[in-house]
Amino acid sequence: MTTSTAPVFAIAAIAATAMLAPVAPARAAPEQLTTAQTIKRLDACLTSGAPGAPRSSLQAAVIALRTLCRPQIDRVLDHRYAEIDTAYGLPGAKLTQSQQADRTKRRDAARKLLDREIAVAVSRYTQLLPN
């Protein structure tokens, strides 16, 4: 190899190494959404998934769409739970046993309400009725 071709080979070796190196995707900060935005995204997921939902029963359709839309459901619940926690001064507040029990009941009620809202939406989008 002559000295005039050495830089060409060096550049080719650097380029080959760069192409073989694992590329780490850029990680964006988690997207901060408002409560209204999370609800809209959940509704959009339910709407877009409804045509492919099972038609055997409303329960089967709800189960399928809850599975499909799990990330959106979790985001809506996170917002609702945060509102409940804020009412109790959390994070930072030390809750009594009765406050903790009441907080747990309110969180359970929020979860059940969302479950009912999802079932109504799935019924509306699939035209399926409860048995």
Side-chain angles (χ1 to χ4, degrees):
M1 174 166 50
T2 64
T3 56
S4 63
T5 59
V8 173
F9 287 114
I11 292 171
I14 292 171
T17 303
M19 286 189 284
L20 295 176
V23 177
R27 297 194 73 170
E31 192 174 12
Q32 296 297 322
L33 301 173
T34 65
T35 301
Q37 288 171 321
T38 61
I39 292 169
K40 280 184 179 181
R41 286 189 178 192
L42 174 55
D43 190 58
C45 181
L46 295 171
T47 303
S48 64
R55 296 288 190 238
S56 57
S57 70
L58 177 59
Q59 181 181 12
V62 169
I63 290 169
L65 288 173
R66 284 183 58 83
T67 302
L68 175 69
C69 301
R70 170 62 50 205
Q72 291 81 8
I73 292 169
D74 289 343
R75 282 186 169 184
V76 170
L77 273 177
D78 287 345
H79 276 271
R80 292 185 180 183
Y81 289 165
E83 291 172 7
I84 293 168
D85 290 350
T86 301
Y88 286 96
L90 296 174
K94 188 166 184 159
L95 302 179
T96 64
Q97 282 184 330
S98 64
Q99 287 174 321
Q100 184 63 38
D102 185 53
R103 176 179 166 258
T104 300
K105 286 179 188 175
R106 289 183 64 189
R107 282 174 152 238
D108 289 344
R111 168 66 134 198
K112 288 176 184 177
L113 176 62
L114 182 58
D115 288 344
R116 281 192 301 274
E117 291 169 348
I118 290 169
V120 168
V122 171
S123 176
R124 188 173 61 241
Y125 297 145
T126 61
Q127 304 297 312
L128 293 170
L129 298 174
N131 293 339

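On a predicted model such as this, the values are computed, not experimentally measured, just so you know.
A cation-pi arrangement is absent between R103 and Y88 under the rule of less than 6.0 angstrom and at most 45 degrees off the ring axis.
Counting only distance, with no hydrogens or angles, the side chain of S123 and the backbone of L129 share no donor-acceptor pair below 3.5 Å.
Rounded to the nearest 0.5 Å, atoms NE2 (H79) and CD1 (I39) are 9.0 Å apart. Atom CD of residue Q127 and atom CG of residue L58 lie 11.5 Å apart, to the nearest 0.5 angstrom. L113 contributes atom CG, which lies 10.0 Å from atom CD1 of I118 (distance to the nearest 0.5 angstrom).
Transitive grouping of hydrophobic side chains (ILVMFWY, heavy atoms separated by less than 4.5 Å) brings L95 and I84 into a common cluster. In terms of hydrophobic clustering, with Ile, Leu, Val, Met, Phe, Trp and Tyr side chains grouped at heavy-atom distances under 4.5 Å, L114 and L33 are assigned to different clusters.
At least one side-chain heavy atom of I73 sits under 4.5 Å from a side-chain heavy atom of R70. Using a 4.5 Å heavy-atom threshold, the side chains of R107 and D85 count as touching.
Closest approach of L68 to P71, counting heavy atoms only: O-CD, 4.1 Å. Summarising the geometry of A61 relative to V122, their closest heavy-atom pair is CB-CG1, 3.8 Å, with the distance given to 0.1 Å. For V62 against A119, the heavy-atom pair with the smallest separation is CG2-CA, 4.0 Å. When all heavy atoms of P51 and T47 are compared, the closest pair comes out as CD-O, 3.4 Å. L42 and Q72 get closest at one heavy-atom pair: CA-CB, 3.8 Å. For the pair L128 and S57, the tightest heavy-atom approach, listed with the atom from each and the gap, is CD1-O, 3.6 Å.
D108 has no carboxylate O lying under 4.0 Å from a charged side-chain N of K112, or vice versa, which leaves the two without a salt bridge.
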For this session: With side-chain contact (heavy atoms from CB on, under 4.5 Å) as the test, would you mind laying out the steps for Q100 and T96 before giving the verdict?
Result: CA-CA 6 Å; Q100 184 63 38; T96 64; over 6 Å; no
Problem set entry | Steps toward side-chain contact (heavy atoms from CB on, under 4.5 Å) verdict (Q37, V76) | CA-CA 9 Å; Q37 288 171 321; V76 170; over 6 Å; no
For this session: Decide side-chain contact (heavy atoms from CB on, under 4.5 Å) for L90 and Y81; before the verdict, give the C-alpha distance in whole Å, the side-chain angles of both, and the deciding distance to 0.1 Å.
Result: CA-CA 11 Å; L90 296 174; Y81 289 165; over 6 Å; no
For this session: Mind running side-chain contact (heavy atoms from CB on, under 4.5 Å) on R41 and T38 for me, showing each step along the way?
Result: CA-CA 5 Å; R41 286 189 178 192; T38 61; 5.8 Å; no
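With respect to E117, the salt bridge (Lys or Arg N to Asp or Glu O under 4.0 Å) criterion is satisfied by exactly one of R66, R80, R111: R80.
Under the rule for a salt bridge (charged side-chain N to carboxylate O under 4.0 Å, His left out), R106 has no partner lying at least two apart in sequence or in another chain.
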